[in-house]
Amino acid sequence: MNGSAIWLGPDAPERVIAHLGGQGFRVVGPRVEDGVLVLEELTAGDSLPTGWHDRAAPGSYRLERREGNGPRARERFGYRVGAQAWKRYLHPPELRLFTAERAAGGGLDLHPEKGPEAPLALIGVRPCDLTAIAVQDRVLMGGRHVDEAYAARRHGAFLVVVECTTPGATCFCASFGSGPGAEGGFDLALTELIDDERHGFVARAGSARGEALLEALGGRPASAPETDGRRRAVDEAAHAMGRRLDVDGARSALAEGAGLPLWNDVAERCLNCANCTLVCPTCFCVTIEDVTDLSGDVAERRRRWDSCFSLDFSYLHGGSVRRSGAARYRQWLTHKLSSWFEQFGEAGCVGCGRCIAWCPVGIDLTQEAAIAIEQRRQADAMPRGRGPAGRGARR
Ligand code: SF4
Ligand code: SF4
């Protein structure tokens, strides 16, 4: 879209919620509940959190209110990402696929689950999460076998992205180019600018629907200082990232990294709790369960999120093919940062940092990737057969 940027006041999120809700969208956005950020359904009149900011570190996440009367106490998007990712709505944690009933004359009547009644509008999507949605689009809709449940939720979804101007300590989206700015793939992009003199949003449309929304919201063309301020804020955020990752180095080190010593070291710390996969916005693995009622006349097939950290997930005939924690962590990290490229042509990580903050023992994939790169370098420098790679990861 080539339309010019528009300046909207600080109540823009509420006006967007009211407008999209009025158009029949099921609007979802951030709320504060029990001290954490959650993504919930919103209706006209609901407000987004104001004056909250988050602090994330390995194994730690805190949501706090800004103290004092400074401009930041009025900030609308002072937080980055909570534990929940948007996949919760596009690729739900649990889904009934169909119900089967024993028919009166024998046989079974099958009742497929109905699709969603209203299209989704996702408000406050961070650029890393926008990229994660594009990653899941390719995985779940980009091949020959389309995931119908995902497609039914994704088609027609209205995406309102909010660019990041203050990255967190666990963020590293700049390493992947998946943030902190957004240049496409959204319907509407908002960038919050706040200081002593001004508070509002530079708004840009990314689709015809976004243009129509901007027209409905009114506003005035953004001034040159405002559009320059937006670009500067995003550039500064890219340089202030809490972490970085050598994407190419990790990809090649992990492709040849099955025998590196780091896997056994991580296995000493990793609890195999699967938190990292459940919070990850790109992880998509599921398992299928069939259940019957007590009469045996009604059965359901359900789908729920699963994880490569569970033993059952890699159970093939006779047992699990990844029996050790070392093998399961190796599979996860190698898939995210290396083999995902072979499968889908890009990384399986967007640098959101959730897996670092929500790992109960603070395992940091940027550190583990750096160790893999260094151990691979050392192994390559040694005579064949004498490198650290010989110690290997237990199965
Ligand atoms: S692997 Fe970690 S940092 Fe990367 S996208 Fe998943 S949760 Fe975010
Ligand atoms: S890396 Fe951390 S979050 Fe992931 S399974 Fe191990 S302990 Fe759990």
Side-chain angles (χ1 to χ4, degrees), residues 37 54 56-61 80-88 91 125-139 164 167-180 241-247 250-251 254 262-285 305-314 322 324-341 344 346-372 393:
L37 202 66
D54 53 9
S60 157
Y61 173 89
R80 282 142 298 238
V81 295
Q84 295 180 347
W86 302 94
K87 71 177 181 181
R88 181 170 196 79
H91 181 54
V125 180
R126 290 301 189 178
C128 58
D129 280 349
L130 185 71
T131 307
I133 290 171
V135 169
Q136 289 211 324
D137 285 353
R138 265 183 288 280
V139 172
C164 278
T170 50
C171 298
F172 57 104
C173 61
S175 298
F176 289 104
S178 54
M241 285 282 136
R243 277 168 164 65
R244 64 174 293 280
L245 180 91
D246 175 355
V247 175
R251 179 181 176 184
L254 293 169
L262 98 125
W263 308 122
N264 291 335
D265 173 56
V266 180
E268 301 289 324
R269 292 170 280 141
C270 175
L271 308 174
N272 284 275
C273 66
N275 267 13
C276 47
T277 53
L278 300 181
V279 297
C280 178
T282 65
C283 279
F284 55 85
C285 290
W305 289 351
D306 203 350
S307 168
C308 50
F309 279 92
S310 86
L311 260 184
D312 282 353
F313 187 72
S314 67
R322 288 189 284 274
S324 72
R328 294 200 285 281
Y329 187 85
R330 182 191 66 203
Q331 149 67 25
W332 179 70
L333 192 70
T334 304
H335 192 209
K336 286 277 153 202
L337 301 182
S338 188
S339 50
W340 202 296
F341 282 98
F344 303 113
E346 61 194 342
C349 173
V350 296
C352 72
R354 284 184 178 89
C355 60
I356 303 172
W358 294 92
C359 172
V361 291
I363 294 173
D364 174 349
L365 89 166
T366 63
Q367 270 182 13
E368 302 306 334
I371 292 168

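When a ligand or atom number is given, it counts from 1 through the structure's own listing order.
- Under a 4.0 Å criterion applied to the non-hydrogen atoms of Cys355, ligand 1 contributes the atoms 1 (S), 2 (Fe), 3 (S), 7 (S).
- Listed by number with element, the atoms of ligand 1 under 4.0 Å from a non-hydrogen atom of Cys352 are 3 (S), 5 (S), 7 (S), 8 (Fe).
- The ligand atoms of ligand 1 that sit less than 4.0 angstrom from a heavy atom of Val350 are 4 (Fe), 5 (S).
- Close approach of ligand 2 to Asn272 is summarised as follows: ligand atoms under 4.0 Å from at least one heavy atom of the residue are 5 (S), 6 (Fe).
- With rounding to the nearest 0.5 angstrom, the CZ atom of Phe172 is 9.5 Å from the SG atom of Cys128.
- Remark: minimum distance from atom 8 (Fe) of ligand 2 to any protein heavy atom is reached at Cys273 SG, 2.3 Å.
- Using a 4.0 Å cut-off to heavy atoms of Phe172, the atoms of ligand 1 that qualify are 3 (S).
- Atom numbering of ligand 1 starts at 1 in the shown order; those under 4.0 Å from a heavy atom of Lys336 are 1 (S).
- To the nearest 0.5 Å, atoms CG (Asn275) and CD1 (Ile363) are separated by 11.0 Å.
- Under 2.8 Å from atom 8 (Fe) of ligand 2 lies no N/O/S atom of Cys270, from backbone or side chain alike.
- Rounded to the nearest 0.5 Å, atoms OH (Tyr329) and CZ (Arg269) are 8.0 Å apart.
- Among all non-hydrogen protein atoms, the one lying nearest atom 6 (Fe) of ligand 1 is Cys280 SG, 2.4 Å.
- Thr366 and Asp364 share a donor-acceptor pair across their side chains, judged by distance under 3.5 Å alone.
- Taking every non-hydrogen atom of Ala274 and a distance limit under 4.0 Å, the qualifying atoms of ligand 2 come out as 5 (S), 8 (Fe).
- Not one N or O on the side chain of Arg322 forms a donor-acceptor pair closer than 3.5 Å with the backbone of Leu311.
- When all heavy atoms of Pro58 and Thr170 are compared, the closest pair comes out as N-CG2, 4.3 Å.
- Less than 4.0 angstrom separates some heavy atom of Asn275 from each of these atoms of ligand 2: 3 (S).
- With 3.5 Å as the limit, one finds no donor-acceptor pair spanning the side chains of Thr131 and Ser178.
- Near Cys349, the atoms of ligand 1 lying under 4.0 angstrom from a non-hydrogen atom of the residue are 1 (S), 3 (S), 4 (Fe), 5 (S).
- Among the atoms of Cys128, no N, O or S atom falls under 2.8 Å of atom 8 (Fe) of ligand 1.
- Stacking of Arg251 on the aromatic ring of Phe341 is recorded, both the 6.0 Å distance cut-off and the 45° axial limit being met.
- Thr282 does not count as a contact of ligand 1, since none of its heavy atoms falls under 4.0 Å from the ligand.
- Contact annotation: for Trp332 versus ligand 1, heavy atoms closer than 4.0 Å belong to the side chain alone.
- Remark: side-chain polar atoms of Gln136 are paired, donor with acceptor, to backbone N or O of Cys283 under 3.5 angstrom.
- Closest non-hydrogen pair, Met241 versus Cys173, comes out as CE-SG, 3.4 Å.
- Here is the list of ligand 1 atoms found below 4.0 Å of a heavy atom in Gly353: 3 (S), 8 (Fe).
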